[in-house]
Asker: 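One structure, as structure tokens, below. Some questions next.
Only a predicted model underlies this, so the values are computations on that prediction, with no experimental measurement involved. In listed order, ligands and their atoms are each counted from 1.
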Amino acid sequence: MVRKWWHDKVAYQIYPKSFLDTDGDGIGDLRGVIRKLDYLKGLGVDIIWLSPVYRSPFVDQGYDISDYYAIAPEFGTMEDFDELLAEAKKRDMYLIMDLVINHCSDQHEWFRRALADPDGEYADYFYFRKGKDGKAPSNYRSYFGGSTWEPVPGTDQYYLHMFAKEQPDLNWNNPRLKKELFDMVNWWLEKGVAGFRIDAIINIKKDTAFPDYPADGTDGLVSCTRMVEEVDGVGELLEELKKETFEKYGAFTVAEVFNMKEDELREFIGDNGHFSTMFDFSAAVLSGGEKGWHTAGEISFEEWRSALFASQMEGQKVGFKANIIENHDEPRGASRYLPDHARNTRGIQMLGTTSVLLRGIPFLYQGQELGMTNCLFDSIEEYDDISTKDQYKVALEAGLTEADALKAVARFSRDNSRTPMQWSDEENAGFTCGKPWLKVNPNYTQVNAAREEKDKDSVLHYYRQLLALRKSDAYRETFTYGEFRPAFEEEKDIFAFYRITPEQKILVAANYGTVERKLVLPSGIKKQLLCNNGRINAAGSRIGLGSCDAIVLELDC
Ligand code: GLC
């Protein structure tokens with residue numbers, strides 16, 4: 001495996017709108033990020049991923065870009081951005097941008113021009129198609145509900161949008177459009193960003209015949225992912241993108257890829273892959289729900305563990321995956337992957353341990369290091385997220401009562417992780433002195449950075465130790481390149497694995513159950529590296545793990 005600069009780094013996702021507001025408008029901003037760079041550095045973060053900060057109408061919170069070359073005024077100015085970049089560099093930190101190029105906003109100049117002249121040059125930047133028998137060109141359901149086809153006013157045509165109707169899909173068959181996108185990517189790389197998190201990228205390849213498929217819901221539509229799964233050839237587009245842009249700059253890229261075809265992992269993240277890495281969503285997809293969030297069942301500990309282990313085993317054969325427990329689209333990991341009895345400080349530290357020390361690049365999401373949890377919203381009106389509103393509708397249409405529909409979306413709403421960052425126990429969690437754009441989780445009085453700073457047993461202090469261990473001179477090599485090998489799989493409720501090099505053998509073990517368990521180690525303990533309850537209960541090669549205990553041990557080889 002060819003060694004790359006980013007292999008041993010720790011990344012952190014910032015959702016700028018909810019990070020820190022410095023001008024009192026209730027919306028986080030770039031100056032807020034600058035102000036917290038030392039906090040992030042102190043935590044052990046190397047790479048910062050900024051969710052979109054481009055100009056946008058914010059129909060989908062910035063994932064609908066109306067100007068790829070401008071900073072959203074809500075977030076600040078290009079000068080602020082340049083300052084952030086410079087300040088990050090000063091601290092040996094890397095900044096990566098979100099790259100949203102499957103679609104843009106309907107307010108982008110290209111789309112406005114396309115609408116103004118539906119037979120002109122700019123219409124071919126998008127997918128404009130005539131309807132069929134007075135209906136849409138195909139029967140696809142968009143990711144956010146309803147048809148993927150929206151009528152073009154004053155014509156017999158429709159345009160394609162896989163996400164919201166305000167997010168028209170870009171036509172990657174058009175060389176001129178591609179050039180515009182590549183130039184833009186290079187412009188940001190020239191500026192000094194270290195790379196990109198690449199949004200929804202698998203969707204860029206379309207079957208331009210747009211065939212119908214059998215409906216998969218009572219709405220008579222079929223998920224647009226069906227077409228994505230059927231069509232071949234996305235790899236050629238991804239290679240072109242890489243060659244024309246990232247490769248020239250040695251950029252780091254992490255892709256959001258769902259619906260990849262089997263056996264393509266090497267092409268995606270191998271030594272010469274399309275991307276540096278891609279997120280491991282193997283745990284997240286377990287609870288997607290066949291017919292929407294309201295149909296999602298509970299996942300068992302065993303299912304969760306085996307999904308992650310299988311993904312680790314597969315990943316290490318070809319490259320590095322990016323490990324997450326949450327992000328801006330997913331509920332909080334602490335509210336999702338922990339059993340009820342473990343939803344407390346030690347449980348959250350345990351989840352951090354078994355996630356951060358996996359093989360791959362850890363991507364923390366803002367507030368994860370504080371143990372932030374899902375937030376209960378009192379009504380559907382309180383939510384902002386477009387996807388939550390759609391899923392609520394889907395649940396009602398399936399016959400759920402309003403109360404049950406609200407409960408169903410509460411589990412998975414993307415707003416769970418988008419609530420403002422909890423800095424202190426001051427008003428609005430110290431996020432803003434204005435009115436926050438989204439509800440603050442009422443648990444901020446307990447879960448907040450200022451309080452945790454003073455408490456040596458807090459989640460925050462523990463995350464610092466965890467990242468420091470991962471990056472320490474003595475163990476960095478093993479945590480980065482060491483083999484991942486499952487351990488104690490036959491033990492109920494135990495999540496354990498080894499990280500192994502010829503010189504070192506490290507055991508990471510945690511007890512997700514309620515009763516103490518004894519493990520017999522294959523060799524003696526050389527050194528105790530970390531534990532979340534202050535003491536490791538070891539006698540010779542036997543260790544006892546109480547409920548929610550997590551330990552990291554170096555064993556004799
Ligand atoms: C990705 C983003 C999500 C967004 C969607 C459309 O999945 O993570 O937030 O809504 O793409 O851009």
Asker: Would you sort out whether Ser413 and Phe377 count as a side-chain contact (heavy atoms from CB on, under 4.5 Å), showing the intermediate values?
Answerer: CA-CA 10 Å; Ser413 173; Phe377 288 71; 5.6 Å; no

Asker: Using side-chain contact (heavy atoms from CB on, under 4.5 Å), reason through Met260 and Val234 one step at a time and then give a plain yes or no.
Answerer: CA-CA 10 Å; Met260 192 187 68; Val234 71; over 6 Å; no

Asker: Write out the residue and atom name of the closest protein heavy atom to atom 9 (O) of ligand 1, then the distance separating them to 0.1 Å.
Answerer: Asp329 OD1, 2.7 Å

Asker: Examine ligand 1 and decide if any of its atoms is less than 4.0 Å from a heavy atom belonging to Arg418.
Answerer: yes

Asker: Which ligand 1 atoms, with their elements, are less than 4.0 angstrom from a heavy-atom of Phe144?
Answerer: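 What qualifies from ligand 1 is 10 (O).
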
Asker: Measure from atom 6 (C) of ligand 1 to every heavy atom in Val59, Ile101, Asp60 and give the option owning the shortest one.
Answerer: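 Ranked by closest heavy atom to atom 6 (C) of ligand 1, first place is Asp60.
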
Asker: In terms of the angle between their ring planes, are His103 and Phe163 parallel, tilted or perpendicular, with boundaries placed at 30° and 60°?
Answerer: tilted

Asker: Return the orientation label for the Trp423 and Tyr39 ring planes: parallel under 30°, perpendicular over 60°, tilted otherwise.
Answerer: perpendicular

Asker: Out of all atoms in ligand 1, which are within 4.0 Å of some heavy atom of Arg414? Include the element for each.
Answerer: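 Checking each atom against Arg414, I get 3 (C), 4 (C), 9 (O), 10 (O).
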
Asker: Which residue from Asn327, Ile65, Asp98, Asp199 reaches closest to atom 1 (C) of ligand 1 through any of its heavy atoms?
Answerer: Asp199

Asker: Which atoms of ligand 1 are found less than 4.0 Å from any heavy atom of Glu256?
Answerer: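 That gives atoms 1 (C), 7 (O), 8 (O), 11 (O) of ligand 1.
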
Asker: Nearest protein heavy atom to atom 5 (C) of ligand 1, by residue and atom, and its distance?
Answerer: Phe163 CE2, 3.7 Å

Asker: Could you tell me which atoms of ligand 1, counted from 1 in the order shown, lie closer than 4.0 angstrom to a heavy atom of His103?
Answerer: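 Once the distances to His103 are compared, the set is 6 (C), 12 (O).
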
Asker: Take the angle between the ring planes of Trp149 and Phe210 and call it parallel below 30°, perpendicular above 60°, tilted in between.
Answerer: perpendicular

Asker: By the definition side chain to side chain contact (heavy atoms under 4.5 Å, CB included), identify the one residue from Trp293, Phe412, Tyr383 that meets it with Gln391.
Answerer: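 The side chain to side chain contact (heavy atoms under 4.5 Å, CB included) with Gln391 is passed solely by Trp293 among Trp293, Phe412, Tyr383.
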
Asker: Take the angle between the ring planes of Phe320 and Trp6 and call it parallel below 30°, perpendicular above 60°, tilted in between.
Answerer: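 Perpendicular: the ring planes of Phe320 and Trp6 meet at over 60°.
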
Asker: Any chance you could measure Asp60, atom CG, to Ile386, atom CD1, to the nearest 0.5 Å?
Answerer: 5.5 Å

Asker: Tell me which part of Arg197 gets within contact of ligand 1: side chain, backbone, both or neither, using heavy atoms under 4.0 Å.
Answerer: side chain

Asker: Looking at ligand 1, would Tyr143 count as a contact under a 4.0 Å heavy-atom criterion?
Answerer: no

